[in-house]
Amino acid sequence: MTLKLRIATRRSALALWQATHVAEILRRTHIGLQVELVPLVTEGDRRLSGTLSTIGGKGLFVKELEQAVLNGQADLAVHSMKDVPATLPNGLCLAAFLQSEDPRDAFVSSSHGCLEALPKGSRVGTSSLRRRSQLLNRRPDLDIIELRGNLGTRLTRMDEGHCQAILLACAGLTRLELSDRIGERFPVDQFVPAIAQGVIGLECRTDDSRTRRLVRPLHHMSTAVRVSAERAFGARLGSNCTIPVAGHARLANGKIRLIGLIGSPDGSRLVRAELSGQLRSAAELGIQLAEHLLAAGGKEILSSLTSSK
């Protein structure tokens, strides 16, 4: 029998690149394996008029893919892990994480080389509350505007003058061979990335031992440790697109260093801290850092966001 694998993916250029990349690795790893892409349009792709924080959050980009796996339309879903909520639907699991691409945020502008070069009052486009919070903390004089759509759409709108600059993930630009558009890469200590930014995750049915076996060679253990710490941190804080939360872990010398941040949407308050620990305790470290930030003022920020809804 010919062995086949069906991969559910969004239709955006970046999502298709990621799914195609996974398919190519699988074909090289398992000679004779036939891999088919199942492109789908998610609710997040259809609903472009509102902010993510008001229309349902980042889970809108994965629900249709997960449903396709659950109902047998596909065997595997390929995700940008920063879009995957902390809690998965019953019956699904994250079976593998590919080695991370550059996790940093990128400053992109057609007219200015870096953030500090932007004149006062310049419009900067982003749909991320996390980016908005940190941007306004550094540059409260900027006009942050809502800018959604796929990567190509956002670049086009900026080039047409809708805004003077945008913030994007370095990983997406690199994967689509658009690194030349990056004017500045923000250090993770100064501009904390989204949880699991730059990581491609593979999701399948928990009871699908065949697919789990096929994707196992793609699993990158160091990236998995990093994701474990960051997602545990985010889960403890109820991280989604409705609150400005950021977290990033780095591995060095047998230890893991995790930096986390909770901010107000207007950037007036940022609570930031970092902790280090053993690799085997990555998830526990994430929870510990979340508790530390909550006690240091993060709980007050999150409570104010909840009460204002």
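For the single chain, residues carry numbers from 1 onward in sequence order. Note that the structure is predicted; figures quoted are calculated from it, not measured.
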Any side-chain heavy atom of Pro89 within less than 4.5 Å of one from Gln67? no
Could you list all the salt bridge (Lys or Arg N to Asp or Glu O under 4.0 Å) pairs where at least one residue sits in residues 271-281, not counting sequence neighbours? Arg257-Glu274
Here the pair of heavy atoms bringing Val38 nearest to Ala74 is CG2-CB, 4.5 Å
Keeping Glu184 on the side-chain end and Leu115 on the backbone end, is there a donor-acceptor pair under 3.5 Å? yes
Please give me the minimum heavy-atom distance between Gln278 and Ile256, naming the atom from each residue. O-CG2, 3.7 Å
With a 4.5 Å cut-off on side-chain heavy atoms, are Asp75 and Lys4 touching? no
Between the main-chain N or O of Thr223 and the side-chain N or O of His220, is there a donor-acceptor pair closer than 3.5 Å? yes
Evaluate the ring planes of His219 and Phe97, with Trp represented by its six-membered ring, and classify them as parallel (under 30°), tilted (30 to 60°) or perpendicular (over 60°). tilted
Quick one: CG on Leu76 to CD on Glu203, what's the gap to the nearest 0.5 Å? 9.0 Å
Side chains of Ile182 and Phe107: closer than 4.5 Å at any heavy-atom pair? no
Side chain proximity check, Thr20 to Ile7, heavy atoms < 4.5 angstrom: no
So Arg269 and Glu300, side-chain contact (heavy atoms from CB on, under 4.5 Å) or not? Walk me through it. CA-CA 10 Å; Arg269 295 190 62 191; Glu300 183 180 342; 3.3 Å; yes
Expected output: side-chain Ser304 to main-chain Ile301 donor-acceptor under 3.5 Å: yes
Would a hydrophobic clustering, with Ile, Leu, Val, Met, Phe, Trp and Tyr connected at side-chain separations under 4.5 Å, put Leu305 with Leu261? no
For the backbone of Ser128 and the side chain of Thr126, can you confirm whether one donor and one acceptor N or O come within less than 3.5 Å of each other? yes
Check whether any side-chain heavy atom of His162 lies under 4.5 Å from a side-chain heavy atom of Leu147, and answer yes or no. yes
Is the backbone of Leu285 close enough, under 3.5 Å, to the side chain of Ser281 for a donor and an acceptor to pair up by distance? no
Whether the Asp102 and Gln197 side chains hold a donor-acceptor pair (N or O, under 3.5 Å, no angle test) is what I'd like checked. no
Provide the closest heavy-atom pair for Ile243 versus Gly238 in the form atom of the first, atom of the second, distance. CD1-O, 3.6 Å
Determine whether more than 12 heavy atoms belonging to other residues, nucleotides or ligands lie under 6.0 Å from atom CG of Asn90. no
Please check: side-chain N/O of Ser228 versus main-chain N/O of Ala224, any donor-acceptor pairing under 3.5 Å? no
Please report the C-alpha distance between Asn137 and Leu135 in whole Å, then the side-chain angles of each, then the deciding distance to 0.1 Å, and finally whether the side-chain contact (heavy atoms from CB on, under 4.5 Å) criterion is met. CA-CA 5 Å; Asn137 184 261; Leu135 265 176; over 6 Å; no
Donor-acceptor contact below 3.5 Å, side chain Glu230 vs main chain Ala249: yes
Hey, are the side chains of Gln34 and Leu5 touching, using non-hydrogen atoms and a 4.5 Å cut-off? no
Hey, any chance Leu218 and Leu37 share a hydrophobic cluster, counting ILVMFWY side chains that come within less than 4.5 Å of each other, even indirectly? yes
Would Val192 end up clustered with Leu251 when hydrophobic side chains under 4.5 Å apart are linked, directly or stepwise? no
Same cluster (ILVMFWY, side-chain, under 4.5 Å), Ile287 and Val227: no
Pick one: which of Gln134, Arg185, Arg130 meets side-chain hydrogen bond (donor to acceptor under 3.5 Å, both in side chains) with Asp105? Arg130
Do any N or O atoms from the side chain of Thr9 and from the backbone of Ala15 form a donor-acceptor pair under 3.5 angstrom? yes
Give a yes-or-no answer on whether the side chains of Thr211 and Arg205 include a donor-acceptor pair shorter than 3.5 Å. no
Measuring from Asp207:CG to Arg212:CZ, what's the distance to the nearest 0.5 Å? 9.0 Å
Identified side chain to side chain contact (heavy atoms under 4.5 Å, CB included) counterpart of Met81 within the set Leu202, Ile200, Val199: Val199
Reported CZ-to-CG distance for the pair Arg236 and Leu293, which is rounded to 0.5 angstrom: 11.0 Å
Going by atom types alone, do Asn150 and Thr153 pair a side-chain donor with an acceptor below 3.5 Å? yes
Can you find a side-chain donor-acceptor pair between Gln164 and Ser109 that sits under 3.5 Å? no
Members besides Ile145 in its Ile/Leu/Val/Met/Phe/Trp/Tyr cluster (side-chain heavy atoms under 4.5 Å): none
salt_bridge(Asp266, Arg132) N-O dist < 4.0 Å: no
Looking only at non-hydrogen atoms, find the nearest pair between Ile166 and Leu155 and report the distance. CD1-CD2, 3.8 Å
Test Val69 against Leu92 for side-chain contact (heavy atoms from CB on, under 4.5 Å), laying out the working first. CA-CA 8 Å; Val69 174; Leu92 294 180; 3.8 Å; yes
For Ala77 and Leu65 the tightest heavy-atom approach is CB-CB, 4.1 Å
Test salt bridge (charged side-chain N to carboxylate O under 4.0 Å, His left out) applied to Arg123 and Asp143, step by step: CA-CA 5 Å; Arg123 296 187 305 276; Asp143 179 14; 5.4 Å; no
Does Leu14 form a side-chain contact (heavy atoms from CB on, under 4.5 Å) with Arg175? I'd like the steps, not just the answer. CA-CA 7 Å; Leu14 180 57; Arg175 287 168 177 152; 4.0 Å; yes
Counting C-beta onward and ignoring hydrogens, is there a side-chain heavy-atom pair between Pro265 and Pro244 closer than 4.5 Å? yes
Output for pair (Leu178 CG, Cys170 SG), nearest 0.5 Å, gives 12.0 Å
What one should report as the nearest heavy-atom pair of Val188 and Pro193 is CG1-CG, 3.6 Å
Are Ser100 and Arg226 packed together at the side-chain level, in the sense that at least one heavy-atom pair is separated by less than 4.5 angstrom? yes
From CG (Leu3) to CG (Leu214), nearest 0.5 Å: 5.5 Å
Group every Ile, Leu, Val, Met, Phe, Trp and Tyr by side-chain heavy-atom contacts under 4.5 Å, then state whether Val215 and Leu70 land in the same group. no
Ignoring hydrogens and geometry, is there a side-chain-to-backbone donor-acceptor pair from Arg6 to Gly72 under 3.5 Å? yes
Is Arg138 salt-bridged to Glu116, going by a charged N under 4.0 Å from an acidic O? yes
Starting at SG of Cys163, measure out to CG of Leu142 and round the result to the nearest 0.5 Å. 11.5 Å
Should Arg213 and Asp208 be marked as a salt bridge (charged side-chain N to carboxylate O under 4.0 Å, His left out) after you check the CA-CA gap, both sets of side-chain angles, and the distance that decides it? CA-CA 9 Å; Arg213 174 179 57 81; Asp208 187 354; over 6 Å; no
Would you say the side-chain atoms of Arg231 pair up with the backbone N or O of Pro85, donor to acceptor, closer than 3.5 Å? yes
